[in-house]
Amino acid sequence: MALTLTIDDSSTGKALRVNGILYLEDVSDEDVSGNTDCSSEDTDSQDTGNQDTDDPATDDQDTGGDTDEEEAPKTDEVDTETVTDAENDGNTEPIGYVKLRTMMNIRDKNSLDSEIVTIYKKDTIAAALQYCSNSWVRIVCEEADCGYAYVCNTDNIYLIIGKSIYTVQKGDTIKSIAADLLGDEERYTEIKELNEFSSNVIAEGQVLLIPEV
């Protein structure tokens with residue numbers, strides 16, 4: 001709808017009709033100042049309305065900025081905690097082996113706040129490089145760029161830990177393995193318990209956790 005505005009210009013004694021556009025050069029200084037203020041207010045109000053209703057992306061961006069400022073301490077706190085929890089004694093040789101009792105997230109730090117590197121299935125056996133103070137284990141991990149990662153073992157319920165591993169060969173029995181590796185065939189019960197077997201049956205190619213000699 002076209003807007004027609006009539007201005008009484010006292011300096012010239014003329015009435016000026018404006019259709020939708022304000023021609024400032026034909027208006028006195030006083031009226032220019034007044035009309036400019038009004039125009040600015042209308043424009044600001046209109047822009048504000050557009051931002052609130054028609055430009056949600058802008059609102060989200062503004063809100064995101066406020067949120068970043070408010071959450072900055074929290075982010076720093078998480079980063080600090082992650083760095084503090086990341087234990088690495090520098091060892092690169094296996095000191096033992098772990099077998100997963102369930103599917104597990106493998107993380108880049110020994111903390112639940114850290115990123116997931118990969119997921120290992122139940123019964124996966126991995127070489128242990130370090131037993132961390134908070135029950136996590138640093139393990140050899142081919143999927144990690146650095147070659148190692150961490151797996152949680154809170155309350156010792158997620159992992160079975162052995163000193164070494166042995167791959168069953170044709171003709172092996174659990175007792176013969178105990179005799180060869182532990183020096184006493186009667187220690188087969190330790191192998192059985194460590195691997196959580198319900199019987200003495202083993203199969204060729206099966207990987208067993210072996211207790212400390």
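Sparse packing is recorded around OH of Tyr158, with 12 or fewer heavy atoms of other residues, nucleotides or ligands lying under 6.0 Å away.
Asp172 and Tyr166 form a side-chain donor-acceptor contact under 3.5 Å, judged by distance and modelled atom types alone.
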| query | Hey, mind stepping through Asn153 and Val98 against side-chain contact (heavy atoms from CB on, under 4.5 Å) and telling me if it holds? | reply | CA-CA 10 Å; Asn153 192 33; Val98 298; over 6 Å; no

| query | What do the steps show when you test Ser114 against Ser111 for side chain to side chain donor-acceptor pair (under 3.5 Å), and what is the final call? | reply | CA-CA 6 Å; Ser114 60; Ser111 167; 5.0 Å; no

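Expressed to the nearest 0.5 Å, how far CG of Leu209 lies from NZ of Lys163 amounts to 13.0 Å. For the atom pair CD of Glu193 and CD1 of Ile160, the computed distance is 12.0 Å after rounding to the nearest 0.5 Å. Distance CG/Leu100 to CD1/Ile139: 7.0 Å, rounded to 0.5 Å. Atom SG of residue Cys152 and atom CG of residue Asn134 lie 8.0 Å apart, to the nearest 0.5 angstrom. Atom-to-atom distance recorded for Tyr148:OH and Gln130:CD is 9.0 Å, nearest 0.5 angstrom. The CZ atom of Arg107 lies 9.5 Å from the CD1 atom of Ile119; values are rounded to the nearest 0.5 Å.
Closest heavy-atom contact between Thr118 and Ile116: O-CG2, 3.4 Å. Closest heavy-atom contact between Gly162 and Leu194: CA-CD2, 4.1 Å. The shortest heavy-atom contact between Ala126 and Val140 is CB-O, 4.5 Å. Across all non-hydrogen atoms, the minimal contact from Asp155 to Ser135 is N-OG, 4.4 Å.
Under the 4.5 Å side-chain contact rule for hydrophobic residues, Ile106 and Leu112 do not share a cluster. Both Leu129 and Tyr150 sit in one connected hydrophobic cluster of ILVMFWY residues. Membership requires side-chain heavy atoms under 4.5 Å apart, directly or through other members. When hydrophobic clusters are built by joining Ile, Leu, Val, Met, Phe, Trp and Tyr residues whose side-chain heavy atoms come closer than 4.5 Å, directly or via intermediates, Ile174 is not grouped with Val201. When hydrophobic clusters are built by joining Ile, Leu, Val, Met, Phe, Trp and Tyr residues whose side-chain heavy atoms come closer than 4.5 Å, directly or via intermediates, Tyr120 is not grouped with Ile165. Each of Met103 and Ile157 belongs to its own hydrophobic cluster when Ile, Leu, Val, Met, Phe, Trp and Tyr are linked at side-chain heavy-atom distances under 4.5 angstrom.
Looking at residues two or more places apart in sequence or on another chain, you find a salt bridge (Lys or Arg N to Asp or Glu O under 4.0 Å) between Asp89 and Arg138. By the side-chain contact (heavy atoms from CB on, under 4.5 Å) test, Ser198 is found to be paired with no residue, residues two or more places apart in sequence or in another chain being considered.
Taking 4.5 Å as the limit, every side-chain heavy atom of Tyr97 sits out of range of all side-chain heavy atoms of Val137. Contact annotation: the side chain of Ile95 approaches that of Tyr131 to within less than 4.5 Å [non-hydrogen atoms, C-beta and beyond]. The side-chain heavy atoms of Leu208 and Phe197, taken from C-beta on, include a pair separated by under 4.5 Å. A heavy-atom distance below 4.5 Å is found between the side chains of Ile177 and Ile202.
A donor-acceptor pair is defined here as one N or O able to donate and one able to accept, closer than 3.5 Å; such a pair exists between the side chain of Gln169 and the backbone of Thr167. When atom types are taken as modelled, the side chain of Asp108 and the backbone of Glu115 share a donor-acceptor pair closer than 3.5 angstrom.
Under a 4.0 Å N-O distance rule, the pair Glu196/Lys99 does not qualify as a salt bridge.
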For residues 184-191, which side-chain donor-acceptor pairs fall under 3.5 Å, sequence neighbours excluded?
unit_1	atom_1	unit_2	atom_2	d
Asp184	OD1	Glu186	N	3.0
Arg187	NE	Glu190	OE1	3.3
Arg187	NE	Glu190	OE2	2.9
Arg187	NH2	Glu190	OE1	2.8
Arg187	NH2	Glu212	O	3.0

